[in-house]
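Worth knowing before you read on, the calculation uses all heavy atoms, side chains too, and leaves out hydrogens, waters and symmetry mates. Predicted model, so just to flag it, every value in this text is computed and none were measured.
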Amino acid sequence: QVQLVESGGGLVQAGGSLRLSCVASGRAFSSYNIGWFRQAPGKEREFVGAISWSEGTTYYADSAKGRFAISRDNDKNTAYRQMNTLQPEGTAVYYCAATMAECLGTGGVAYDYWGRGTQDTVSS
């Protein structure tokens, strides 16, 4: 198993940036694809993007393209989600998740392990 802990969320003004970290412990982090999801108030959880374990290939939801950047450092057992030009609609709880599946899944069911999430709040 792998345990995931997100950090780095907080309050930021519109137009600002936030970087979240997802630190893993347990089994080899480098064997897992990592996905990022978010859940805004009153809405269902949605896929933001994912990064593969091997080559660092990334895939983003259309809504995230151009504003989100996902990366990872396998030596540090950490994945990152950088979000720029934040807007109030970006307020949500953000989760990282891990899977050993070969492809980069966009659905939550594709992921086996989840962090508890961290809150990003964007003020106008």
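- Side chain of Thr99 to main chain of Ala110: a donor-acceptor pair is present (N/O by atom type, distance under 3.5 Å, no hydrogens or angles).
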> Please walk me through it: do Asp120 and Met83 pass side chain to side chain contact (heavy atoms under 4.5 Å, CB included)?
Replying inline: CA-CA 10 Å; Asp120 279 357; Met83 189 163 66; 3.8 Å; yes
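- Asp73 and Thr78 form no side-chain donor-acceptor contact under 3.5 Å, judged by distance and modelled atom types alone.
- For Arg72 and Trp36, the positive end is not near the middle of the six-membered ring at less than 6.0 Å and at most 45° from its axis.
- The shortest distance between side-chain heavy atoms of Thr91 and Glu89 does not fall below 4.5 Å.
- Classified by interplanar angle (parallel below 30°, tilted 30° to 60°, perpendicular above 60°), the ring pair Phe37/Phe47 is perpendicular.
- Rounded to the nearest 0.5 Å, atoms CZ (Arg116) and OG (Ser7) are 14.0 Å apart.
- Residue Ala50 comes nearest to Gly105 through the heavy atom pair CB-O, 4.4 Å, listed as atom of the first residue, atom of the second, then distance.
- Considering OH of Tyr59 and OG1 of Thr106, their distance stands at 6.5 Å, rounded to 0.5 Å.
- The hydrophobic clustering, which links ILVMFWY residues whose side-chain heavy atoms are closer than 4.5 Å, places Val93 and Tyr111 together.
- Heavy-atom minimum distance, Ala14 versus Gln87: CB-OE1, 4.3 Å.
- Panel note: side chain Asn33, backbone Ala101; a donor-acceptor pair is recorded below 3.5 Å.
- Of the inter-residue distances, the one linking Leu4 atom CG with Ser25 atom OG reads 7.5 Å to the nearest 0.5 angstrom.
- Taking all atoms of both residues into account, the shortest heavy-atom contact from Val122 to Gly90 is CG2-C, 4.2 Å.
- Listed here is the closest heavy atom pair of Leu11 and Ser123: CD1-CB, 4.2 Å.
- Contact annotation: the side chain of Thr57 never approaches that of Ile51 to less than 4.5 Å [non-hydrogen atoms, C-beta and beyond].
- Side chain of Glu6 to backbone of Gly117: a donor-acceptor contact under 3.5 angstrom is found.
- Here Glu46 contributes atom CD and Ser63 contributes atom OG; the two are 5.5 Å apart, rounded to the nearest 0.5 Å.
- In plain terms, the two heavy atoms of Ile34 and Ala79 that are nearest each other are CG2-CB, 3.9 Å.
- Looking at Thr121, its side chain never comes within 3.5 Å of a backbone N or O of Gly10 through a donor-acceptor pair.
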>> Is there a side chain to side chain donor-acceptor pair (under 3.5 Å) between Arg38 and Tyr94? Walk through the geometry before answering.
In response: CA-CA 4 Å; Arg38 69 179 183 182; Tyr94 286 81; 3.2 Å; yes
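- A distance of 10.5 Å separates CD1 in Ile70 from SG in Cys22, rounded to the nearest 0.5 Å.
- Here the closest non-hydrogen pair linking Ala98 and Val2 is CB-CG1, 4.1 Å.
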> Between Gln82 and Phe68, is a side chain to side chain contact (heavy atoms under 4.5 Å, CB included) present by the stated rule, with each step listed?
Replying inline: CA-CA 6 Å; Gln82 176 75 33; Phe68 287 72; over 6 Å; no
>> Run Tyr80 and Leu20 through side chain to side chain contact (heavy atoms under 4.5 Å, CB included) and show every step you take.
In response: CA-CA 6 Å; Tyr80 304 96; Leu20 298 186; over 6 Å; no
>> Quick one, Val48 with Tyr60, criterion side chain to side chain contact (heavy atoms under 4.5 Å, CB included). Give me CA distance, side-chain angles, the key distance, then yes/no.
In response: CA-CA 6 Å; Val48 172; Tyr60 298 96; 5.5 Å; no
